[in-house]
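To start, the structure itself, in structure tokens.
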Amino acid sequence: MRTSVPLPFTPPPLASGGLLPPLHTSAPAGFSSPLPSLSSPMSFPPPPLSSTPAPPVVLSAPPMGPPVTGFSMASTYDITKGHAGRAPQTPLMPSYSAPPVSVLANPVSQVAPVVPGVSGSSITFPEEPEDPRVLAAHNEPPAGGIWGFIKGVAGNPVVKSVLDKTKHSVESVITTLDPGMAPYIRSGGELDLVVTSKKEVKVSAVRDAFQEVFGMALVTGEDGQSNIAPQPIGYAAGLKGAQERIDSLRRSGVIHEKQPAVSVENFIAELLPDKWFDIGCIIVDDPIHGIRLEAFTQATPVPLEYVQQAQNLTPQDYNLRWSGLSVTVGEVLERSLAHISRTDWHVAFTGMSRKQMIYSTAKALAGMYKQRLPPRIL
């Protein structure tokens, strides 16, 4: 170790010859008794202030450690002799000094230690932005048990794909065993549609079709007025009736003017001479994204005699005769045939229900509608 204050000594005056007196290691006659203990501090008599030679310096046995106080030199001794102008150091106790290390906040700066003769400069390292996902992962408390394991592997794309397939399989089993659960499982999401009728045959068909395509969709029904004849005749009348149902709900304020809506309107048409068919017109109208789609269901043959009965039951002065008949074909079939419902007589003639016909066409419309929607809705 290095002491901050140099060891004090009193240089004696030079002798007449200008030479330093020799050092003696033996005690003089005046000090015949040795020191009582090595643990007591050593004491040396101060040198005389006269011009006579100084008495020899008495040294005792060296202590266990290096001397730090209580000695003096007998002459002007160059303390830097043999050390190249530097202060002597104890060989057995080397000195060591390290530059202070300071930890700074943002940004991180490291200042090099100042060395004499070398100009120092500070080096600033830019701070790398930390990933918030890593911070969130470190901040979240570890979850244990089976749920912690599931949470840990759920972020894996392969595991996520397996979970999605498993979820779809479970939903398929549930909806197969209990079809009434499908609207509850798949209701929701960003797609919100209104069907312009509360008839279950229309609402359920549209709901199933859009939920099949989009995965999740909220589909509800509201009664809209067609403002045309109950039994429209021709494609133009069917298209007008479907559009009028949407417009009537918006005019009355039942739905918002920008609310996406689906409208279904059935009509009859004579596609061939004396051959009539029942066809359904379906419209998808989305004013927000400027999407409007139309499609028609498959044509179901209607016997000519039932069409003629509906024409005979309609008054000649019927004010909506320009658009169709006042009596529907379904009403005539219900009166004429047993076990026939006016709302779903198609299954009796073709083996395919009206709901299935609307579903297949609505699913095609849902696919076209999905292609035209922005990606964020999907």
Side-chain angles (χ1 to χ4, degrees), residues 179-180 182-183 195-210 212 219 221-246 262-284 294-315 318 320-365:
V195 181
T196 60
S197 175
K198 286 187 176 181
K199 294 180 179 179
E200 187 62 22
V201 64
K202 296 181 179 180
V203 177
S204 61
V206 174
R207 181 192 294 118
D208 293 346
F210 277 83
E212 179 70 21
V219 181
E222 296 290 344
D223 280 327
Q225 302 299 323
S226 64
N227 297 324
I228 60 173
Q231 180 59 73
I233 296 178
Y235 281 87
L239 184 63
K240 181 175 178 57
Q243 182 61 47
E244 189 64 25
R245 290 180 183 274
I246 298 176
V262 179
S263 185
V264 181
E265 185 71 26
N266 277 65
F267 61 93
I268 58 174
E270 188 178 15
L271 302 181
L272 298 173
D274 295 333
K275 292 185 179 296
W276 292 79
F277 296 85
D278 179 85
I279 305 169
C281 176
I282 305 178
I283 297 177
V284 176
E294 301 95 358
F296 298 92
T297 65
Q298 70 179 54
T300 303
V302 180
L304 178 59
E305 56 184 88
Y306 300 111
V307 176
Q308 293 176 346
Q309 290 185 26
Q311 292 175 346
N312 296 331
L313 293 174
T314 302
Y318 180 56
L320 296 177
R321 187 68 185 248
W322 59 270
S323 61
L325 307 174
S326 61
V327 180
T328 64
V329 174
E331 293 176 357
V332 174
L333 291 173
E334 188 179 49
R335 296 174 186 175
S336 303
L337 302 175
H339 309 292
I340 295 296
S341 172
R342 69 175 67 183
T343 58
D344 194 6
W345 52 267
H346 304 74
V347 67
F349 283 83
T350 62
M352 186 175 183
S353 66
R354 185 187 181 194
K355 178 182 177 180
Q356 291 175 321
M357 296 178 184
I358 297 175
Y359 168 80
S360 59
T361 306
K363 186 176 180 180
L365 282 172

Contacts of E270 that satisfy salt bridge (charged side-chain N to carboxylate O under 4.0 Å, His left out) - sequence neighbours left out:
none

Partners of R321 by salt bridge (charged side-chain N to carboxylate O under 4.0 Å, His left out), sequence neighbours excluded?
none

Who passes salt bridge (charged side-chain N to carboxylate O under 4.0 Å, His left out) against K355, sequence neighbours left out?
D208

Minimal non-hydrogen separation, G238 against P232, with atom names
N-CB, 4.2 Å

Pairing residues for E244 by the side-chain hydrogen bond (donor to acceptor under 3.5 Å, both in side chains) criterion, not counting sequence neighbours:
N227, R251

Suppose we screen for side-chain hydrogen bond (donor to acceptor under 3.5 Å, both in side chains). Which residues come up paired with E294, at least two apart in sequence or across chains?
R292

Applying side chain to side chain contact (heavy atoms under 4.5 Å, CB included) to S336 and not counting sequence neighbours gives Y306, Q309, V332

Suppose we screen for side chain to side chain contact (heavy atoms under 4.5 Å, CB included). Which residues come up paired with V203, at least two apart in sequence or across chains?
V195, R207

Partner residues of T297 under the side-chain hydrogen bond (donor to acceptor under 3.5 Å, both in side chains) criterion, sequence neighbours left out
none

Taking only residues two or more places apart in sequence, or in another chain, which ones meet Q231 in a side-chain hydrogen bond (donor to acceptor under 3.5 Å, both in side chains)?
none

Got a donor-acceptor contact below 3.5 angstrom from the S263 side chain to the T196 backbone?
no

Residue pairs passing the ring pair (Phe, Tyr, Trp, His ring centres under 6.0 Å) test with at least one member in residues 320-346, sequence neighbours excluded, are W345-F349

Contacts of type ring-ring contact (aromatic ring centres under 6.0 Å, His included), residue F296, not counting sequence neighbours:
Y235

Salt bridge (charged side-chain N to carboxylate O under 4.0 Å, His left out) partners for R354, two or more places apart:
none

